[in-house]
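The basis for the numbers below is simple: all heavy atoms, side chains too, and nothing from hydrogens, waters or symmetry mates. Residue numbers start from 1 in every chain, and the chains themselves are labelled A, B, ... in the order their sequence lines are given, proteins ahead of strands.
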Amino acid sequence: DVKVTQSSRYLVKRTGEKVFLECVQDMDHENMFWYRQDPGLGLRLIYFSYDVKMKEKGDIPEGYSVSREKKERFSLILESASTNQTSMYLCASSDGQVIYGYTFGSGTRLTVV
Amino acid sequence: GQQVMQIPQYQHVQEGEDFTTYCNSSTTLSNIQWYKQRPGGHPVFLIQLVKSGEVKKQKRLTFQFGEAKKNSSLHITATQTTDVGTYFCAGRKMNRDDKIIFGKGTRLHILP
């Protein structure tokens, strides 16, 4: 069964901390995505990557960066966490064949205090 | 920018009643996908529609893609408690890059 694994289910961090959210997929997918999900706002795209060492900004990249050093791993970095970054973060991957949907990870609920 | 609007935002139905959610895009789409997210879970891919006017069925779920490829609907017949969750549509742009735009979802609540 294909999998997208996010390293933490729940995370509590302090304001100003640097936060790393890790995502690993075992499907050899080329494309990976980071979303945040907030009540009433749906899924908003933060960053995405179509290849190793490649990244593109999504709709809400401010305050975030990403790293993709290996095909299977896509990391989301909060350079200096703020309370308005408290949210559910979802990683997804796809094979880019325009045939299949995205496979999502289980999500990381991040609370910044 | 391109938007995908989804209505209604919430829907309460009695168990056994039908349910429909609608999705509209401001521009023509290459294809549209539907996802289901159970409470406390993550979005799970249900189906993709590609052709103009396409209709696909999965048991009690019927998915339609409009003739102009700008709108879509998901209809559930005779809802069951297992149908509870949020249903998202997601449209892919005509340039065929892999980025899709999600609607805000319709949260379905079933009354026993």
Do B:F88 and B:F45 land in one hydrophobic cluster if side-chain heavy atoms of ILVMFWY residues count as linked below 4.5 Å?
yes
Can you establish whether the number of heavy atoms outside A:R14 located under 6.0 Å from its atom CZ is more than 12?
no
B:I32-B:L61 co-clustered via ILVMFWY side chain contacts under 4.5 Å:
yes
Verify same cluster id: B:F19, B:V84 (apolar side-chain graph, 4.5 Å)
yes
Let me check something: do A:L45 and A:Y89 share a hydrophobic cluster, defined by ILVMFWY side-chain heavy atoms less than 4.5 Å apart, either directly or through other members?
no
Is it the case that over 12 heavy atoms from other parts of the model lie below 6.0 angstrom from the CE atom of B:M5?
no
hydrophobic_cluster_shared for A:I46 and A:L41, side chain cutoff 4.5 Å:
no
Heavy-atom closest contact (B:Y35 atom, A:Y102 atom, distance)
OH-N, 2.8 Å
NE2/B:H42 to CG/A:L43 distance, rounded to the nearest 0.5 angstrom?
12.0 Å
Out of curiosity, A:Q37 CD to B:F102 CZ, how far, rounded to the nearest 0.5 Å?
9.5 Å
Is any residue of residues 103-111 of chain B within less than 4.5 Å of chain A by heavy atoms, and which ones?
B:K104
Say you draw a straight line from CD1 of B:I100 to CZ of A:F48; how long is it, rounded to the nearest 0.5 Å?
12.0 Å
With a 4.5 angstrom heavy-atom cut-off, could you sort out which part of B:Q6 is near chain A: side chain, backbone, both or neither?
neither
Reported CD-to-OG distance for the pair B:Q33 and A:S94, which is rounded to 0.5 angstrom
8.5 Å
